[in-house]
Protein chains: 2
Amino acid sequence: MRLTSKGRYAVMALVDLARFDGINPVSLRDISLRQGISLDYLEQIFSKLRKKEIVQSVRGTQGGYILNRKAKEIKLTNIFDAVDEKVKTVQCKKESKKGCNGKSTKCLTHNLWDELETHINNFFDKKSLDDLVKENLERRF
Amino acid sequence: MRLTSKGRYAVMALVDLARFDGINPVSLRDISLRQGISLDYLEQIFSKLRKKEIVQSVRGTQGGYILNRKAKEIKLTNIFDAVDEKVKTVQCKKESKKGCNGKSTKCLTHNLWDELETHINNFFDKKSLDDLVKENLERRF
DNA sequence: ATGATACTTGACTATTTTGGTCAGGTTTAT
DNA sequence: ATAAACCTGACCAAAATAGTCAAGTATCAT
Ligand code: FES
Ligand code: FES
């Protein structure tokens, strides 16, 4: 089970952005430089974040991105969701009664993977962007 | 974050095998047929399980595999470990003080990913093969 | 002895996913 | 006007995944 860079970068970038929340738009260029993430890649990521209304864009010179909701109300779940970093423990559709490889019934371990998925999502549901910023400041001093 | 088939199959196969624990060796062919997993792929998986002493092999006719320890003492952690299904939330080495892309310091979110990794591993540490077999029997009746 | 069954090993490969890059826009503050 | 910054879509190389294939060796049942 690996966390992909896309998900990691998305959170990293948003934590960076959240630290300036309410002051000025933050340009991707700045985030790119500070966090060492490719600008082009960031643009892909923020395009998705904007579509899911996690951030708002400000175009033109001095533009950039700002949070579209309060940091406390942005959970990791929302972020991962926006960039399609899904937690997927099975291949088969959850709703379907069929099993993985087209079998007529769910496998021996199906329930286990459901539990696992829930367990991981719990973690993402609890953590908000605000938590992350605060934890980060604490560590700094 | 996706769970790979290799890990899923390993657990699936071992649950199947554990149900016959202590009676007879179970052949991969049988597991293959019952669980719908390619025989060749199972062989790769069991080769690793044997090397990590999760199972023992019995060669020849009527041969197969048996558990090498009690089902209660085989945790999901051990299984995933054996088949190299690692939980990896970061790229950078844990021990190293350096960051991901060779940066001189760890990133803003590094601590978060460590927490996540621990959270997931907790789940794997708790669940034993025995638990799985029992849960499965309960559901059946 | 001799099949047949089943484990053993290692190489090979197709597909998918990942982690980007690149080229060309459009918008807006100064 | 022009530079900063967002926006879009296509493209691509490398890695990971999910296997297959081939050629064994060991052991049991008959
Ligand atoms: S995981 Fe799909 S059927 Fe069990
Ligand atoms: S995840 Fe590697 S430095 Fe933060």
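Since the model is a prediction, treat every value here as computed from it, not as a measurement.
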Just by distance, do the side chain of [X] and the backbone of [Y] share a donor-acceptor pair under 3.5 Å?
X	Y	answer
A/D30	A/V26	no
B/S27	B/G64	no
A/E85	B/M1	yes

- Between A/L28 and A/R2, name the one whose nearest nucleotide on DNA chain D is closer to the 5' end.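 In this pair, the answer is A/L28.
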
Distance, rounded to the nearest Å, where [X] contributes [atom1] and [N] contributes [atom2]:
X	N	atom1	atom2	value
B/D84	D/dA18	CG	C1'	15 Å
A/K88	D/dA18	NZ	P	11 Å
B/M1	D/dT17	CE	P	12 Å
B/Y65	D/dA26	OH	P	15 Å
A/Q62	C/dT30	CD	C1'	9 Å

- Would you indicate what A/V26 reaches in the nucleic acid, counting non-hydrogen atoms under 4.0 angstrom: base, sugar-phosphate, or nothing?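 Answer is sugar-phosphate: A/V26 comes under 4.0 Å of backbone atoms only.
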
- Item | Heavy-atom closest pair, residues B/L17 and B/Y65 |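 Minimum heavy-atom contact is CD1-CB, 3.7 Å.
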
- Message: Does C/dT5 have its OP1 or OP2 closer than 4.0 Å to a side-chain nitrogen or oxygen of B/S27?
- Response: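 Looking at the OP1 and OP2 atoms of C/dT5, neither is under 4.0 Å from any side-chain N or O of B/S27.
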
- Query: In terms of the angle between their ring planes, are A/Y41 and A/Y9 parallel, tilted or perpendicular, with boundaries placed at 30° and 60°?
  - Reply: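 If you compare the ring of A/Y41 with that of A/Y9, the planes turn out perpendicular.
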
- Ignoring hydrogens and angles, state whether a donor on the side chain of B/N68 or B/Q56 is under 3.5 Å from an acceptor on the partner side chain.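 Checked: B/N68/B/Q56 side chains pair up, N/O donor to acceptor below 3.5 Å.
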
- Query: Do the side-chain N and O atoms of B/S128 and B/D131 include a donor-acceptor pair separated by under 3.5 angstrom?
  - Reply: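 Yes - a donor-acceptor pair under 3.5 Å links their side chains.
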
- Message: For a quick check, tell me whether the side chain of B/R59 and the base of D/dT25 share a donor-acceptor pair closer than 3.5 Å.
- Response: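 Yes.
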
- Hydrophobic cluster membership, A/V58 vs A/I54, 4.5 Å side-chain cutoff: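 As far as the 4.5 Å side-chain criterion goes, A/I54 and A/V58 are not connected within one cluster.
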
- Task: For DNA chain C, find the residues of residues 37-54 of chain A with a heavy-atom distance under 4.0 Å and give them by number; none if there aren't any.
- Result: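 Within this stretch, A/S38, A/D40, A/Y41, A/Q44 sit under 4.0 Å of the strand.
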
- Item | Contact residues, residues 4-11 of chain A to DNA chain C [heavy atom, < 4.0 Å] |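 Hits under 4.0 Å, by residue number: A/T4, A/S5, A/K6, A/Y9.
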
- With sequence neighbours excluded, tell me which residues meet side chain to side chain donor-acceptor pair (under 3.5 Å) with B/Q91.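 If we apply the side chain to side chain donor-acceptor pair (under 3.5 Å) test to B/Q91, skipping adjacent residues, there are no hits.
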
